[in-house]
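Okay, structure first, notes after.
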2 protein chains.
Amino acid sequence: MPRRRHRTSLRTPQHTAPVFAALGDRTRLSLLTTLGQGAPQSIARLTKGSSLTRQAITKHLRVLENAGMVRGVRHGRETLFELDPAPLEAARRALDDISRQWDHALARLKSFLEE
Amino acid sequence: MPRRRHRTSLRTPQHTAPVFAALGDRTRLSLLTTLGQGAPQSIARLTKGSSLTRQAITKHLRVLENAGMVRGVRHGRETLFELDPAPLEAARRALDDISRQWDHALARLKSFLEE
DNA sequence: TTCATGTGCAACCTCCTGGTTGCATATTAG
DNA sequence: CTAATATGCAACCAGGAGGTTGCACATGAA
């Protein structure tokens with residue numbers, strides 16, 4: 001008979017924290033949306049239209065790459081960056097878990113009050 | 001006839017960046033999961049089981065509160081914190097937007113190659 | 001009343017982050 | 001070959017994040 005889970009050992013997808021941290025910046029969100037268009041783009045190209053320096057954009061791209069959300073491949077003299085949607089979906093599932101848990105809690109409370 | 005949207009003016013939900021930033025920390029993710037259980041909890045209660053100080057937990061709760069993901073109500077001598085799922089769902093929608101955009105791009109590419 | 005409990009506020013510290021500039025290097029264009 | 005382009009690397013800087021300690025204060029329990 002499975003013991004009730006202790007309060008401190010909740011199944012929390014804490015491994016997704018770095019992904020959320022990478023998402024928590026306007027510039028990086030913008031880069032992801034641009035790359036979400038499908039076409040791999042070079043750093044110089046991604047820098048155009050931004051008010052930031054190429055180095056700043058490069059740093060943001062490295063952050064995204066370290067979070068596994070983007071992949072950079074050297075192609076000739078330029079590095080093309082492409083989106084990897086897997087971490088995004090993992091993050092979405094993590095959010096769903098919390099929301100679903102919350103909804104279930106509310107439902108239990110409601111049925112308890114109506115009893 | 002609607003002009004194709006310019007590349008730099010993509011509809012990016014950049015207002016969700018603060019929410020993602022708030023999510024980008026293990027401790028805060030853990031707090032959210034705990035509060036997702038439904039029961040509002042005091043700071044002292046949330047501190048128990050964590051290796052951090054009460055002040056550290058308080059700071060994290062303030063961050064979550066500033067992001068609108070949590071609401072603290074003073075109740076007697078203790079402050080009870082409760083989850084507000086709205087920002088979570090907004091964040092989930094933002095992630096969905098990017099993923100959907102990516103899927104559509106892939107589908108267009110595929111149908112183009114098969115033509 | 002007296003004491004323990006639960007918070008809030010402030011100062012302080014260290015480390016990371018976002019950004020810049022400067023320089024070196026590889027690669028493509030003419 | 002020579003020049004322009006695209007990138008990488010390193011140093012540097014200001015400010016914010018995460019964490020601690022110390023102290024003051026309100027409130028509930030005995």
Side-chain angles (χ1 to χ4, degrees), chain A residues 7-8 12 14-35 39-82 87, chain B residues 7-8 12 14-35 39-82 87:
Chain A
R7 198 184 311 102
T8 58
T12 312
Q14 299 188 328
H15 47 280
T16 56
V19 177
F20 286 124
L23 286 167
D25 181 278
R26 290 173 171 275
T27 303
R28 289 196 288 268
L29 270 184
S30 177
L31 287 173
L32 283 179
T33 306
T34 301
L35 293 179
Q41 307 212 11
S42 71
I43 299 178
R45 193 122 190 285
L46 289 168
T47 301
K48 287 211 172 182
S50 167
S51 60
L52 298 184
T53 316
R54 173 181 58 88
Q55 312 299 346
I57 300 295
T58 300
K59 280 195 181 181
H60 283 301
L61 287 171
R62 296 305 171 196
V63 171
L64 290 172
E65 194 172 38
N66 286 337
M69 318 175 67
V70 127
R71 216 173 315 113
V73 184
R74 192 81 190 233
H75 205 264
R77 75 176 148 183
E78 56 192 1
T79 301
L80 297 181
F81 279 86
E82 188 182 27
Chain B
R7 197 182 311 103
T8 60
T12 312
Q14 298 186 328
H15 47 280
T16 55
V19 178
F20 286 125
L23 287 167
D25 181 278
R26 290 172 172 275
T27 303
R28 288 195 290 268
L29 271 184
S30 177
L31 287 172
L32 284 178
T33 306
T34 300
L35 293 178
Q41 308 212 10
S42 71
I43 299 179
R45 194 120 190 285
L46 289 168
T47 300
K48 287 211 172 181
S50 166
S51 60
L52 298 183
T53 317
R54 173 180 59 87
Q55 276 69 354
I57 300 295
T58 300
K59 280 195 180 181
H60 284 299
L61 287 171
R62 296 304 172 197
V63 171
L64 290 172
E65 195 172 38
N66 287 337
M69 317 174 69
V70 128
R71 214 174 318 112
V73 185
R74 191 81 190 233
H75 204 263
R77 74 177 149 180
E78 56 193 359
T79 301
L80 297 182
F81 280 86
E82 188 182 28

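Everything numeric here is computed off the predicted structure, so don't read it as measured data. Proteins get letters first, then strands, A, B, ... in listed order; numbering begins at 1 in each.
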Looking at [N], I'd like to know if its phosphate oxygens (OP1 or OP2) sit under 4.0 Å from a side-chain N or O belonging to [X].
{"X": "R62(B)", "N": "dG8(C)", "value": "yes"}
{"X": "T27(B)", "N": "dG18(D)", "value": "no"}
{"X": "T79(B)", "N": "dT7(C)", "value": "no"}
{"X": "R28(B)", "N": "dG18(D)", "value": "yes"}
{"X": "H75(B)", "N": "dG6(C)", "value": "no"}

Considering heavy-atom distances to DNA chain C, does I43(B) or G76(A) have its closest nucleotide positioned more toward the 5' end?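 Upstream on the strand: I43(B).
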
Residue closer to the 5' end of DNA chain C, F81(B) versus R77(B) (nearest nucleotide): R77(B)

Side-chain ([X]) to main-chain ([Y]) donor-acceptor, under 3.5 angstrom:
{"X": "S30(B)", "Y": "R26(B)", "result": "no"}
{"X": "S42(B)", "Y": "R45(B)", "result": "yes"}
{"X": "S50(B)", "Y": "L52(B)", "result": "yes"}

Out of [options], whichever nucleotide has its closest atom nearest the side chain of [X]:
{"X": "T58(A)", "options": "dG28(D), dG8(D), dT7(D)", "value": "dG8(D)"}
{"X": "T53(B)", "options": "dG6(C), dG8(C), dT21(D)", "value": "dT21(D)"}
{"X": "Q55(B)", "options": "dT20(D), dT20(C), dT7(C)", "value": "dT20(D)"}

Identified side-chain contact (heavy atoms from CB on, under 4.5 Å) partner of L35(A) from the options E82(A), Q41(A), M69(A), R71(A):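 Filter result, single survivor: Q41(A).
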
Answer with base, sugar-phosphate or nothing: what part of the nucleic acid does A44(B) contact at a heavy-atom distance below 4.0 Å? sugar-phosphate

Sugar-phosphate only, base, or nothing, as touched by R74(A) at under 4.0 Å among non-hydrogen atoms: sugar-phosphate

Heavy-atom side-chain contact between L23(B) and V19(A) under 4.5 Å: no

note: L46(A), atom CG; dT5(D), atom P; distance rounded to Å ~ 18 Å

Which whole-number value in Å describes the distance from R26(A) CZ to dG19(C) P? 12 Å

